[in-house]
Amino acid sequence: MTSDPIERVVLTHLQIPFKEVFRISGGEVAIKDAIVVTLETASAVGLGESSPMAAGFGYSSDTPEGCWEDLAGTIAPSLLGQSVDSREAIAGLAGTWTASRFAIAAAETALWDLLGQARHATIAELLGAPDLRIDLGVESGLAVGLYPSIVELIKTIGAHLEAGYRRVKIKIQPGQDLELVRAVRQHFGEIELMVDANAAYTAADLDLFRELDQYDLLMFEQPMAAADLDGLAALQRAVTTPVCLDETAETLAQTEAAIQRGACRIVNLKIQRVGGLGPALAIHNLCHQHGVACWVGSMPELGIGQAHGIHLATLANCKYPSDLEPSSRWFVDDYTIPLVDLATPGIIEVPTRPGLGYHVDPVKVRRYQVRQQEFTTRTQG
Ligand SMILES: [Mg+2]
């Protein structure tokens with residue numbers, strides 16, 4: 001039940017272009033960066049992905065360069081010779097790393113992959129997901145960015161909806177909000193619809209959200225700044241639409257403080273933002289205790305990052321469709337076998353092989369890699 005010791009760690013920085021520029025209230029990005037962490041033992045390979053956006057994008061201050069430094073400088077060397085036999089052992093190891101949570105997430109999730117293979121269990125099973133949820137698969141939601149015009153926004157949503165996505169999430173920012181929601185409602189009728197503001201509003205904007213409250217939206221995602229718990233709580237008191245945390249929910253303590261203040265009714269779980277599956281599970285369980293529903297968000301990540309999200313999204317309290325989408329939705333290509341895809345309209349299947357259940361395509365990795373470094377205890381032959 002204990003994994004074999006880690007003999008080799010490989011870090012690979014990949015860059016794969018987005019199909020179209022991804023725009024939110026805080027910036028835009030055209031190339032997706034990811035650092036793949038590969039942990040090799042005598043009997044298994046564990047995979048994780050660090051998936052920060054390029055510098056200057058609005059989600060967080062974590063960058064590919066910073067995560068590479070954390071992984072190559074401290075995390076990768078510290079993993080050589082280690083083995084894991086429990087979730088607690090993974091948490092113990094991850095707790096020794098002083099690093100970006102996006103960097104920690106890659107190594108931490110790769111350890112879950114190793115643990116699952118050692119225990120002959122999927123990551124969803126290790127997390128404690130109900131069998132029925134695993135069998136049903138994960139509901140995929142369509143997320144779209146900001147567009148220069150409403151016509152382009154409507155066209156983009158229309159082009160994707162036939163894939164059967166279980167809800168639509170649009171981005172808003174001051175000046176591009178009420179009009180967008182009104183137009184999407186008018187055009188698509190009673191679809192499940194939500195908005196994500198990426199922290200672009202303040203408590204001075206309550207009237208705008210009172211108007212948006214009439215459009216029967218699933219939730220307002222991160223309407224205000226991450227630390228503005230008073231503003232979020234004031235908004236939640238003023239509207240019936242649930243407020244959902246994203247950027248605020250960085251740690252268990254911050255999420256708990258927000259729940260205590262009445263600042264949300266829903267929390268978006270992001271493996272990258274919180275530093276791995278263990279911290280995401282802890283936040284999920286806290287929310288469950290407080291009657292706050294969850295769902296799984298994404299950066300979006302490339303294949304291995306999304307695959308870990310698929311397992312997370314099977315947890316009992318994940319009650320809304322996720323931001324997990326097929327590889328071909330965002331990217332010109334992806335590096336996993338299989339590619340992330342919908343098995344039936346709007347549904348992503350949960351892999352049944354032990355561990356993560358996704359592999360890396362070596363041809364794709366060679367094609368898109370910009371940098372690679374390995375660390376090993378094996379004697380070079
Ligand atoms: Mg968000």
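We count residues from 1, following the sequence as given. On a predicted model such as this, the values are computed, not experimentally measured, just so you know. Ligands are counted one by one from 1 in listed order, and the atoms in each one are counted from 1 as well.
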From the list Arg167, Lys171, Arg329, salt bridge (charged side-chain N to carboxylate O under 4.0 Å, His left out) partner of Asp323 resolves to Arg167

Listed protein N/O/S atoms, distance to the Mg ion (ligand 1) under 2.8 Å | Asp196 OD2, Glu221 OE2, Asp246 OD2

Note: Asp246-Lys270 ion pair, threshold 4.0 Å (strictly below) = yes

Got a sec, which pairs hit side-chain hydrogen bond (donor to acceptor under 3.5 Å, both in side chains) with one end in residues 131-150, sequence neighbours left out?
-> Glu20-Tyr147, Glu139-Arg166, Ser149-Glu152

Classify the angle between the aromatic ring planes of Phe22 and Phe18 as parallel (below 30°), tilted (30 to 60°) or perpendicular (above 60°).
-> parallel

The side-chain contact (heavy atoms from CB on, under 4.5 Å) partners of Asp361 (sequence neighbours excluded) come to Ile337, Val363, Lys364

Keeping to residues at least two apart or across chains, list the salt bridge (charged side-chain N to carboxylate O under 4.0 Å, His left out) pairs with something in residues 229-242.
-> Asp230-Arg261

